[in-house]
Structure formats: C-alpha cells, structure tokens
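Computed from a predicted structure; not experimentally measured. These numbers come from the heavy atoms of this one structure, side chains and all, not from hydrogens, waters or symmetry mates. Along the sequence shown, residues are numbered consecutively beginning with 1.
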Amino acid sequence: MITDFEYFAPKTLKEALTLLDKYGDECKVIAGGQSLLILMRQGLVAPQYLIDIKGISELSYIKSEGKQGLRIGALTTHRTIEKSPVFRDKLGVLTEMENRLASIQTRNWGTIGGNICHADPAGDPAPVLMALNATLRMASLKGDRTMAVEDFSLDYFETALEPGELLTEIVIPPVPPHTGTAYTKFNVIESDLATVGVAVSITLDSGDGICQDVRIALGASAPTPIRAKQAEAVLRGKKITDVLLKEAGEIASTEAEPISDIYASEEYRRELVEVLVKRVGKEALARAKQA
Ligand SMILES: Cc1cc2nc3c(=O)[nH]c(=O)nc-3n(C[C@H](O)[C@H](O)[C@H](O)COP(=O)(O)OP(=O)(O)OC[C@H]3O[C@@H](n4cnc5c(N)ncnc54)[C@H](O)[C@@H]3O)c2cc1C
C-alpha cells in the first residue's frame, strides 16, 4: 500500500532543485513513475514528499548539434526517442533498443533519465549509451557536473547522484567515421527486461579495415552495466575475424559477474554473454564496413 505523501509538481528545473534541497532524504523524485510506483506500491520506498518532474518541459528534448553530438533531455520518453527521425537516420541502434524496451504504454510514460537513475543492471539504455561513449549531465543548486555513463551506476539500483542532484541530460559524442554499433538482449518474455543484454561499437581504420577502437558493454551480467575491457583488447588493433570474435565472447563471459535468479542461472548467463558478444560484434562489424 502506498503511504501518504505531499505532492509537488514544479515547472522549472530551478524550482525542482530548490525542493530537492529543502526536503533532502525525505523526498523522492518521480518522472514517468514506471519503476518508482512499483517500489512505492510494494512499500519499499515511502517518501514523505514526492517531487513530480514530468512537467519540466525544459528537460524534454532531442538536439543534434554537429561537433557537440546529440543531446537528450533526461525527461525525454522512450517512445519519443524510438520515433525520432534524428536517431533513425544517425543512430539507429537507439531506435532498435527503444523499440524492444517494455511495452508501448511503458515507453509512452517512462523517461530515459528515469531508466538510468533507476539503475537496474538489466535496463536496456545504459549498455547502448556506454558503447556510444555517452556522458551524463547532473544539476544541483551548487552547479552542474558531468560523468561518463559507465561511472554512474555504483551497485544494484544505486547511482553516483549526490543528494540534491537531478540528472538533466545525456550527451552522445559524434560517432567517428567507419563506426558500427549494435545491441541485442535475450529475454524470455518479449517486452521484458534483459536476461542478458550486449552492445558493441566498432570503429575501423579507413584504409585497411583494422579495428581502431571497440567498446563492448554488458547488461544484466553484473551488479551494474559493465565494459568487457579484456574482450575489447582482443579485437583492438587487429583485423576482426569470426575466430577473434569467438575469443572475445569467451573472455567477456569470464569478465561478467552474473547472478542466478528465476530467469537464468549464472552459468546460463555466462553462455549468453559468450554467444551474444560474438553475434552482436559481427553485426557491429558489418555496420562499420558499410558506414
Ligand atoms: C512492465 C514494465 C516493463 C519494463 N521493461 C523494461 C525493459 O524491457 N527494459 C528497460 O530498460 N526498462 C524496462 N522497464 C523500466 C521502465 O521502462 C522505465 O524506463 C524506467 O525504469 C523508469 O523511467 P521513469 O521515467 O518511469 O522513472 P521513475 O519510475 O519515475 O523513476 C525511477 C527512478 O529514477 C529517479 N529519477 C527519475 N528521473 C530522475 C532524474 N531526472 N534525476 C534524478 N533521479 C531521477 C526516481 O527518483 C526513481 O528512483 C519496464 C517497466 C515496466 C513497468
């Protein structure tokens, strides 16, 4: 049962930050409510003050800014990202990821910022954003700061947000030439969270097709989304072959720290990491060759 709380609906970022500063630990921010309301209904979270930020229109946008890359306001819904021509044309991997995230109803309400701040290690956006080398902007009354997406999740459902801080923006840097990025998740029920999710981004040298850079991000494979850096090292500086991708998958499965739960055993998740790194790596490579 949800306990009583006092409700605020600020219309500006400044108003929201002032409320957060005033009520500190006794308040909770709500965006789309798709994750928070479940916790509140279960009695796991019972704030005295609820600050509904969904009406802050200045935090809902998608901007394509040339050399500065793409900027997404934290309150942009999953559905807006899925339907945005900006991503369909320039970063189709985000469109594909959003298209498989939850149901349309949840995508209509849930925000990308809320998803990242919920810090479920099985969430879809974080591994993709890690593969794209994205950063996060946070604001408080003390000012702004930025952080790489991969540093933001500290543990299961725990983030680097300081008291009084809101996530305001996700920044995706320009994608280098000859880069391909792909993502997939294995899930038992379509439109559910990942049992394991894998994102891979590969950048090739223009001349000889050697792998100049690679980023492999794993979801639902550890307490937080992680980079499989030893697996990346297998591919970087080499001409990528099926044999190397298989080796990268094997190494990534040893870097994962999965748990056993009702969806899959630890061993099964390691198998999934091995198979998906190879499969998604192959897709990212094919895209890099066409880019
Ligand atoms: C049936 C169902 C299926 C789902 N399936 C998937 C799936 O397949 N893949 C997936 O990735 N997700 C899935 N989700 C999660 C969902 O899609 C949401 O995207 C997300 O978890 C929460 O977004 P929200 O805006 O609703 O956040 P809320 O629920 O409002 O908030 C979540 C948390 O983030 C905090 N918060 C929100 N916004 C901010 C901000 N700007 N700054 C600081 N803190 C903030 C809140 O205080 C709260 O702790 C599913 C959810 C449901 C209900």
Side-chain angles (χ1 to χ4, degrees), residues 8-21 23 27-37 39 45 47 50-65 68-84 86-87 91 93-95 97-98 101-102 106-121 123-154 157-173 219 224-225:
F8 298 94
K11 290 286 175 247
T12 65
L13 175 60
K14 181 109 192 279
E15 261 182 80
L17 295 178
T18 306
L19 287 164
L20 267 179
D21 187 60
Y23 292 114
C27 75
K28 196 80 190 151
V29 164
I30 187 164
Q34 296 302 295
S35 298
L36 184 65
L37 280 177
L39 300 180
V45 177
L50 196 63
I51 303 175
D52 182 350
I53 58 174
K54 187 88 173 168
I56 304 179
S57 55
E58 67 192 284
L59 294 183
S60 177
Y61 55 83
I62 295 167
K63 291 179 184 163
S64 175
E65 305 207 318
Q68 286 174 26
L70 287 157
R71 294 163 51 209
I72 312 173
L75 289 176
T76 310
T77 64
H78 297 296
R79 188 70 169 160
T80 303
I81 296 169
E82 180 193 359
K83 291 289 172 193
S84 163
V86 174
F87 295 116
L91 268 178
V93 67
L94 277 172
T95 313
M97 176 276 288
E98 292 289 10
L101 185 153
T106 298
R107 296 203 290 276
N108 271 331
W109 274 97
T111 65
I112 184 128
N115 187 295
I116 293 166
C117 292
H118 184 55
D120 186 331
D124 294 301
V128 176
L129 293 171
M130 280 164 65
L132 293 171
N133 199 15
T135 53
L136 303 176
R137 180 176 294 281
M138 290 152 283
S140 71
L141 286 185
K142 292 184 204 144
D144 285 12
R145 63 182 181 126
T146 56
M147 175 181 285
V149 172
E150 63 193 75
D151 296 331
F152 186 70
S153 284
L154 302 181
F157 306 101
E158 210 180 297
T159 72
L161 276 174
E162 298 280 352
E165 258 183 344
L166 276 183
L167 175 64
T168 54
E169 185 178 70
I170 297 119
V171 182
I172 303 172
T224 66

Given Y61 and E169, is the side chain to side chain contact (heavy atoms under 4.5 Å, CB included) satisfied, shown in steps? CA-CA 9 Å; Y61 55 83; E169 185 178 70; 2.6 Å; yes
Heavy-atom side-chain contact between M138 and L161 under 4.5 Å: yes
Quick one, I53 with I30, criterion side chain to side chain contact (heavy atoms under 4.5 Å, CB included). Give me CA distance, side-chain angles, the key distance, then yes/no. CA-CA 6 Å; I53 58 174; I30 187 164; over 6 Å; no
Find out whether T224 and P121 are in side-chain contact, i.e. whether some heavy atom of one side chain is under 4.5 Å from a heavy atom of the other. no
Contact check, side chains of T111 and L59, non-hydrogen atoms, under 4.5 Å: no
In short, A31 meets L75 closest at the heavy-atom pair CB-CD2, 3.8 Å
Can you see which heavy atom on K54 is nearest to which on W109, and at what distance? NZ-O, 2.9 Å
Pairwise side-chain contact, L20 with I51, heavy-atom cut-off 4.5 Å (strictly under): yes
From T146 OG1 over to I170 CD1, what is the distance, rounded to the nearest 0.5 angstrom? 13.0 Å
Spell out, as yes or no, whether a donor-acceptor pair under 3.5 Å connects the side chain of E58 to the backbone of L13. yes
Enter the distance from K28:NZ to L39:CG here, rounded to the nearest 0.5 Å. 8.0 Å
P125 side chain reached by M97 side chain, heavy atoms, under 4.5 Å: yes
Going from CG on N115 to OG on S35, what distance comes out if it is rounded to the nearest 0.5 angstrom? 6.5 Å
Is T168 reaching over with its side chain to a backbone N or O of R137, donor-acceptor style, under 3.5 angstrom? yes
Side chain to side chain donor-acceptor pair (under 3.5 Å) between T77 and T80, intermediate numbers included: CA-CA 5 Å; T77 64; T80 303; 2.7 Å; yes
Show your reasoning for whether side chain to side chain contact (heavy atoms under 4.5 Å, CB included) applies to F8 and L50. CA-CA 6 Å; F8 298 94; L50 196 63; over 6 Å; no
Might you point out which heavy atoms bring D144 and A139 nearest each other, and give the distance in Å? OD1-CB, 3.4 Å
Distance in Å, L91 CG paired with I172 CD1, rounded so as to fall on 0.5 Å steps: 5.5 Å
Considering non-hydrogen atoms only, spot the tightest contact between I56 and P10 and give its length. CG1-O, 3.5 Å
Main chain of L101, side chain of R107: is a donor-acceptor contact present, judged purely on distance under 3.5 Å? yes
Worked verdict on V93 versus L132 for side chain to side chain contact (heavy atoms under 4.5 Å, CB included): CA-CA 10 Å; V93 67; L132 293 171; 4.2 Å; yes
Taking the side chain as every heavy atom from C-beta outward, state whether C117 and F152 have any pair of such atoms under 4.5 Å apart. yes
What's the verdict on salt bridge (Lys or Arg N to Asp or Glu O under 4.0 Å) for E165 and R145, showing C-alpha distance, side-chain angles and the deciding distance? CA-CA 10 Å; E165 258 183 344; R145 63 182 181 126; 2.6 Å; yes
Heavy-atom closest pair (L154 atom, T159 atom, distance to 0.1 Å) is CD1-O, 3.4 Å
So which atom in S153 and which in A119 form the shortest heavy-atom distance, rounded to 0.1 Å? OG-CB, 3.9 Å
Tell me, do I112 and I72 make a side-chain contact under 4.5 Å, heavy atoms counted? yes
Value rounded to 0.5 Å, distance of CD in E98 from CD1 in I81: 4.5 Å
Rounded to the nearest 0.5 Å, what separates atom OG1 in T76 from atom CZ in R71? 11.0 Å
Backbone of A16 reached by a side-chain donor or acceptor of K11 within 3.5 Å: no
